[in-house]
Visitor: 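I am attaching a structure below and will ask some questions about it afterwards.
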Amino acid sequence: MFNSKPNNKNTKESKSNMATQHPQNIETLIGHSTRIKGDMKYSGSMHVDGHIEGSLVAETDTDTLMVSETGRIHGTIKAGNMVINGSIEGDITASGKIEVASQARITGNIYYTNIEMEAGSQVNGQLIYQGKDVVTPIKKENKDGK
């Protein structure tokens, strides 16, 4: 009775994203009122509601970083997978999947292999694909054949 979900077709289903598809224990939580100054290294999954000033590096390609609407990071980020919905100032490198949610505000380049961006998100920088099948542009010849 209390735990049942309404079977109404008009009910808007929640969007599928990495955070809901792969529920996992959060090993590291940076709370809303927490401020950290300095470089950090983490493993597993990290959820940031507070502010970090410094680089943030995951130990493996399977580690996940989640930045909520209140989360702010000023520094370079390297992680396997990311869900960004807060503010980032610095370059981001994701070896797995990165989801840029609607409240995300990113100032810096994003180096990615798989990216998903929601409407409303803002990226002020370059999106640079890092996959294996990068195609180099074909050089056009001028009239001299050069």
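The structure displayed is predicted, hence computed values, not measured ones.
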Visitor: State, to 0.1 Å, how close S68 and H47 come at their nearest heavy-atom pair, and which atoms those are.
Guide: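 Minimum heavy-atom separation between S68 and H47: CB-NE2, 3.9 Å.
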Visitor: Please report the shortest heavy-atom distance between A58 and A79, naming the atom on each side.
Guide: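 Shortest heavy-atom contact: CB-CA, 3.7 Å.
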Visitor: Can you confirm whether N114 sits close enough to I98 that some side-chain heavy atom of one is under 4.5 Å from a side-chain heavy atom of the other?
Guide: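 When only atoms from C-beta onward are counted, I98 and N114 do not touch, as no gap falls below 4.5 Å.
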Visitor: Short question: side chain of T62, backbone of G80 - any donor-acceptor pair under 3.5 Å?
Guide: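 Between the backbone of G80 and the side chain of T62 there is no qualifying donor-acceptor contact (under 3.5 Å).
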Visitor: Looking at K97 and E116, is there a salt bridge between them, counting it only when a charged N and a carboxylate O are closer than 4.0 Å?
Guide: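 Yes, E116 and K97 are salt-bridged.
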Visitor: Which is it for M40 and I30 under the side-chain contact (heavy atoms from CB on, under 4.5 Å) test, yes or no, and what are the steps along the way?
Guide: CA-CA 12 Å; M40 292 182 63; I30 307 299; 4.3 Å; yes
Visitor: Using the side-chain contact (heavy atoms from CB on, under 4.5 Å) rule, pick out the option among L29, D63, L56, T64 that qualifies with M46.
Guide: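 That would be L56.
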Visitor: Might you point out which heavy atoms bring D61 and N81 nearest each other, and give the distance in Å?
Guide: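 Distance-wise, the nearest heavy atoms are O-ND2, 4.1 Å.
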Visitor: Give a yes or no on whether the backbone of E59 and the side-chain of S43 come within a donor-acceptor separation of less than 3.5 Å.
Guide: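 Side chain of S43 to backbone of E59: no pair is present.
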Visitor: Check step by step if side-chain contact (heavy atoms from CB on, under 4.5 Å) holds for D39 and V57.
Guide: CA-CA 8 Å; D39 298 339; V57 178; over 6 Å; no
Visitor: Step by step, work out the side-chain contact (heavy atoms from CB on, under 4.5 Å) result for M117 and V123.
Guide: CA-CA 10 Å; M117 296 179 68; V123 176; 3.5 Å; yes
Visitor: Quick check: closest heavy atoms across G38 and I52, and the distance to 0.1 Å?
Guide: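 Closest heavy-atom pair between G38 and I52: O-CG2, 4.5 Å.
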Visitor: Might you work through the side-chain contact (heavy atoms from CB on, under 4.5 Å) test for M66 and S45, ending with a clear yes or no?
Guide: CA-CA 8 Å; M66 293 169 277; S45 63; 4.3 Å; yes
Visitor: Passes side-chain hydrogen bond (donor to acceptor under 3.5 Å, both in side chains), N124 versus T107? Steps please.
Guide: CA-CA 5 Å; N124 190 7; T107 303; 4.8 Å; no
Visitor: In terms of hydrophobic clustering (I, L, V, M, F, W, Y; side-chain heavy atoms under 4.5 Å; direct or indirect links), are I36 and I77 co-clustered?
Guide: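 Yes, I36 connects to I77 through the hydrophobic network.
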Visitor: Going from CG on L65 to CD1 on I84, what distance comes out if it is rounded to the nearest 0.5 angstrom?
Guide: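 That separation rounds to 5.0 Å.
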Visitor: Can L127 be reached from Y129 by stepping across I, L, V, M, F, W or Y side chains whose heavy atoms are under 4.5 Å apart?
Guide: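 Same hydrophobic cluster.
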Visitor: If we check side-chain contact (heavy atoms from CB on, under 4.5 Å) with Y111, which of these qualifies: Q130, Q126, K78?
Guide: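 When Q130, Q126, K78 are each tested with Y111, the side-chain contact (heavy atoms from CB on, under 4.5 Å) holds only for Q130.
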Visitor: Let me check something: any side-chain donor-acceptor pairs from residues 85-94 under 3.5 Å, sequence neighbours excluded? List them with distances.
Guide:
| residue | atom | partner | partner atom | Å |
| --- | --- | --- | --- | --- |
| N85 | OD1 | Q103 | N | 2.8 |
| N85 | ND2 | E69 | OE2 | 2.7 |
| S87 | OG | R72 | NH1 | 3.1 |
| E89 | OE1 | H74 | ND1 | 3.2 |
| D91 | OD1 | N109 | N | 2.9 |

Visitor: Closer than 3.5 angstrom, by distance alone: can the side chain of E118 be matched with the main-chain N or O of S102 as a donor-acceptor pair?
Guide: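 At least one qualifying donor-acceptor pair exists.
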